[in-house]
Amino acid sequence: MRRKIVVLVVVLSASWICISFRAVITRSLKVSSVNYQPVSNITLQQNYRVSYPVFHVPELDAVVTNYVKYRLNSFQPRGSGQKLNDRFALHYSFAHVGTRTATINFTEVKQRVNRSYSYVHKRIILDKQKKKELTAKDIIQQSEAARTKLAKLLYRYFKHQPALRLSGEELVRILEMRLEEISNVSLEADTLTIYLNPHNLNSMQDVVAIAIKKPLLEGVLVPEYLENEADVLQILPPASNHYITEPPMEKVDPADKLVALTFDDGPSQLTPRLLDILEKYDAHTTFFVLGHLAGTYQTVLRDTVQRGHEIGNHSWNHPDLRTQSPAGLDQQIGATEAAIQAVTGGFTPRLMRPPYGGTNPLVQEHLASHHLTQALWNVDTNDWRDRDSELIYQRIMAGAHDGAVILLHDIYPTSVDAARRAIRDLKARGYQLVTVSQLYQYRL
Ligand code: ZN
């Protein structure tokens, strides 16, 4: 993308007027920024500076200039010479400019004489096809289901952020948040950012910006705004200080018995059925997937992450890693990681299970360089050899113990059938069915 940004600031020293002029021009989109002539009763003694983008679409430009006029009016002096040194600046940056939508960040700084600065932040989201401003209500589905899903996503995220020290009351407050309270949002290329005000959350000093990857917002975002939309201008790094790229897993009670069922070599057409079974019994698990299948089973992988399961790396196409050259190892590990990230909207595996459990110091060194923990198993059901659902069920139940990591494959109907019974019966015996990462947190 070619672009040219010209910033020219002319200060007329005789007066206090400061004019800023910016122009941003690209081949595909023409957006320019102009200084705004102040409303008539701002005196020349005031020091002010305003910039805003121009889209050369009258409807959109009206939205922007109306906002600028409105803010400038808020700075009108109230008829006293003591405001000679007041300062006012209103500037913009883009959070996103796609072919369909654009989000402008306006930042306003006001300084009255002998008083501290005051800041106003405003995000304006525009739909360039509909030629109108979008409010949060236009972007977020106004249904109880959408509200619940969004609240749960935020709740689970904050619950797992001990550094923020949110009280139980505040967490419940997030869970009960009404959609009307979520009005301050920003739409970006692949995220929706929600700004929560400190008065909603007592522990937080500043406004908290939470960027949520769009694929996690299926059923929350209005469908036409769910797709990722590449930026056509270079955009500054987002201001978000929190990212939700994967739903945090449910809380584990470490005092209870923990078992990690694991499913290798998928995804497959059987995986969706297994996901439904897991959900029915409130069980979580780790899927060690093959990179070359990620493209075929994109929806399944996305669904796996959204339902709170873990995805581990199981190589691209299942070679014995001990036979691989260093370059081959990097390819097997790296390409799989990239494929998983691409289809899930950013989920990054933390675990790798080498095919056949085949590992050596060189393999382990490469795993470490990719920030991966090697994850083997301690109960083998041999479900690939014995396609007998009763036998596999018996082996799962016999092998289950606190700390068990049980090896299965979600590519055989007999294994999924066995897992269905085992999940039900393990729950009945008081086991928590957790992901391998959760198990490692408490049992290593
Ligand atoms: Zn395998």
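Whatever order the structure lists them in is the order used to number ligands and atoms, beginning at 1.
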Run F106 and Y67 through ring-ring contact (aromatic ring centres under 6.0 Å, His included) and show every step you take. CA-CA 10 Å; F106 274 111; Y67 176 72; 5.2 Å; yes
Aromatic plane relationship, F287 with H309 - under 30° parallel, 30 to 60° tilted, over 60° perpendicular: perpendicular
Do H91 and Y52 pass the ring-ring contact (aromatic ring centres under 6.0 Å, His included) test, and can you show the C-alpha distance, the side-chain angles, and the key distance before you say yes or no? CA-CA 6 Å; H91 283 297; Y52 61 93; over 10 Å; no
Taking the side chain as C-beta and beyond, is there a heavy-atom pair between I333 and M352 under 4.5 Å? yes
If you apply the rule ring-ring contact (aromatic ring centres under 6.0 Å, His included), what do you find for Y157 with Y155, and how did you get there? CA-CA 5 Å; Y157 179 76; Y155 170 79; over 10 Å; no
Inspect the contact between R100 and E224 and indicate whether a charged nitrogen and a carboxylate oxygen are less than 4.0 angstrom apart. yes
How many protein N, O or S atoms are found at a distance of less than 2.8 Å from the Zn ion (ligand 1)? 3
